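Okay, structure first, notes after.
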Amino acid sequence: MSALVGAISKDITFNPVMEKEEKNKNTEPTHDDPEKTEGESHEDDEDDETEEEDTKQKKALEKKELELGPQFSLKEQLEKDKDDESLRRWKEQLLGTVDFSAVGESKEPEVKIQSLSILCKDRRDLVFAIPLAVNPKVRLFTLKEGSRYHVKFTFVVSSNIVSGLKYIHTVWKAGLKVDNTKIMLGTFSPQLEPYTYEMEEETTPSGMFARGSYSARSKFVDDDGKCYLDFSYTFDIQKNWPSIT
């Protein structure tokens with residue numbers, strides 16, 4: 001299962017030097033708060049990892065900005081290569097029927113994610129408007145173990161072409177990262193009607209250790225490193241479907 005949750009494994013090798021250093025470390029006085037719970041430690045790990053990821057993304061974006069040449073609006077792009085017949089036809093095919101009077105002179109694309117849906121056979125579709133109206137710590141939905149499902153997004157592109165739109169999804173369970181998925185959605189031109197992207201069918205894990213609460217973070221980023229949406233939520237995997245109210 002790659003879109004919501006996967007599996008994790010670790011290889012542990014014995015190192016006598018590391019063991020000795022660990023023993024010495026354990027004998028040293030510590031000033032850690034004895035009342036800090038394991039759950040709080042796991043949350044700190046998630047926060048540190050998220051902060052590190054944000055820093056890397058920011059540095060990549062700053063580097064990209066230095067390498068980029070001049071940007072053009074859609075109108076300027078079409079005018080720029082109007083004498084190249086093949087390139088002009090390719091651009092018109094990519095853009096489709098765009099209302100340029102509504103596009104204006106903006107050089108930056110805009111992407112608005114409208115909804116997230118979880119589609120399961122023989123179950124009512126779970127549709128959530130974006131931005132989510134719940135606290136990230138509050139459970140958003142519950143899935144049954146071993147069930148098949150699809151994740152679907154709807155989004156609108158305006159102002160300019162968005163190139164290389166990617167969906168990045170990370171999942172943690174008990175503070176451990178169990179899945180990190182990156183999916184290339186594609187390049188999209190501005191249009192009034194929303195785009196719909198449905199991912200491949202996935203199956204939730206099953207078994208005693210798979211059940212429980214998960215925390216997730218999803219982002220939509222383009223080739224230039226611009227982030228259009230970054231949101232977090234929690235969900236459960238249980239033995240049975242929750243009762244429908």
Side-chain angles (χ1 to χ4, degrees), residues 1-10 32-33 35-58 113-120 123-155 165-183 185 197-221 225 227-243:
M1 177 183 183
S2 62
L4 287 178
V5 63
I8 185 170
S9 63
K10 289 187 176 181
D32 293 343
D33 185 356
E35 297 181 358
K36 187 172 184 179
T37 65
E38 182 179 356
E40 289 174 336
S41 178
H42 287 157
E43 289 181 1
D44 290 343
D45 291 341
E46 290 181 22
D47 292 340
D48 292 342
E49 190 170 335
T50 298
E51 184 177 350
E52 181 180 353
E53 184 178 349
D54 289 341
T55 301
K56 289 181 179 179
Q57 182 179 332
K58 184 178 179 181
I113 313 301
Q114 295 184 323
S115 66
L116 157 69
S117 301
I118 309 295
L119 314 178
C120 299
R123 297 288 298 182
R124 183 177 62 188
D125 293 348
L126 302 175
V127 182
F128 306 98
I130 303 294
L132 299 175
V134 299
N135 187 301
K137 299 295 183 181
V138 177
R139 183 181 67 242
L140 186 62
F141 57 85
T142 298
L143 297 177
K144 178 185 176 182
E145 63 178 358
S147 59
R148 295 181 178 180
Y149 69 95
H150 291 272
V151 176
K152 183 175 74 173
F153 287 100
T154 59
F155 58 94
L165 186 64
K166 294 183 289 293
Y167 170 67
I168 303 174
H169 188 70
T170 308
V171 180
W172 295 268
K173 186 177 191 296
L176 296 176
K177 183 192 291 186
V178 295
D179 184 53
N180 188 26
T181 301
K182 295 182 180 180
I183 298 177
L185 305 183
Y197 191 97
E198 186 170 325
M199 299 183 186
E200 295 182 0
E201 184 179 71
E202 301 287 345
T203 302
T204 58
S206 58
M208 180 177 65
F209 294 106
R211 300 172 201 148
S213 180
Y214 295 79
S215 59
R217 183 187 183 191
S218 296
K219 297 193 295 183
F220 289 84
V221 183
C227 183
Y228 298 97
L229 180 67
D230 186 344
F231 66 104
S232 301
Y233 60 93
T234 60
F235 66 94
D236 283 359
I237 293 179
Q238 299 296 344
K239 188 173 183 179
N240 299 301
W241 287 108
S243 58

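Because the structure is predicted, anything quoted here is derived from the model rather than measured.
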Do you know the tightest heavy-atom contact between [X] and [Y]?
X	Y	result
I237	A210	CB-O, 4.0 Å
S232	R217	OG-CG, 3.7 Å
S115	T154	OG-OG1, 2.6 Å
K219	D230	CD-OD2, 3.3 Å
N135	K137	OD1-N, 2.8 Å

Got a second to check how far [X]'s [atom1] is from [Y]'s [atom2], nearest 0.5 Å?
X	Y	atom1	atom2	answer
L140	L116	CG	CG	7.0 Å
S213	W172	OG	CH2	13.0 Å
T142	N240	OG1	CG	11.5 Å
I113	F155	CD1	CZ	6.5 Å
I118	E202	CD1	CD	11.0 Å

Are E145 and K239 ion-paired here, with the side-chain N under 4.0 Å from a carboxylate O?
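The answer is no: the pair does not qualify as a salt bridge.
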Just checking, is any N or O donor in the side chain of T234 or S215 under 3.5 Å from an acceptor N or O on the other one?
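Side-chain D/A pair, T234 to S215: absent.
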Go through the steps for D236 and L143 under the test side chain to side chain contact (heavy atoms under 4.5 Å, CB included), then give the verdict.
CA-CA 6 Å; D236 283 359; L143 297 177; over 6 Å; no
Neighbour count above 12 (heavy atom, 6.0 Å) for K166 NZ:
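Correct, the count exceeds 12.
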Is the CZ atom of R148 crowded by more than 12 outside heavy atoms at less than 6.0 Å?
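For R148, atom CZ is not crowded (no more than 12 foreign heavy atoms under 6.0 Å).
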Any non-hydrogen side-chain atom of [X] less than 4.5 Å from a side-chain atom of [Y]?
X	Y	result
T181	I168	no
P136	F231	no
T170	K177	yes
C120	W241	yes
V134	F128	no

For L165 and Y228: C-alpha separation, side-chain torsions, deciding distance, then whether side chain to side chain contact (heavy atoms under 4.5 Å, CB included) applies.
CA-CA 10 Å; L165 186 64; Y228 298 97; 4.0 Å; yes
Pair S117-D125, side chain to side chain donor-acceptor pair (under 3.5 Å): steps then yes or no:
CA-CA 7 Å; S117 301; D125 293 348; over 6 Å; no
Chi angles and distances behind the side chain to side chain contact (heavy atoms under 4.5 Å, CB included) call for Q114, I130:
CA-CA 5 Å; Q114 295 184 323; I130 303 294; 6.0 Å; no
Using modelled atom types and a 3.5 Å cut-off, is there a donor and acceptor pairing between side-chain atoms of T204 and backbone atoms of S147?
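Yes: the side chain of T204 pairs with the backbone of S147.
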Step-by-step side chain to side chain contact (heavy atoms under 4.5 Å, CB included) determination, K152 to Y197:
CA-CA 6 Å; K152 183 175 74 173; Y197 191 97; over 6 Å; no
Taking the ring of F220 and the ring of F153, is the distance between their centroids below 6.0 Å?
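For F153 and F220, the ring centres are under 6.0 Å apart.
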Evaluate the ring planes of H169 and Y167, with Trp represented by its six-membered ring, and classify them as parallel (under 30°), tilted (30 to 60°) or perpendicular (over 60°).
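Geometry flag for Y167 against H169: parallel rings.
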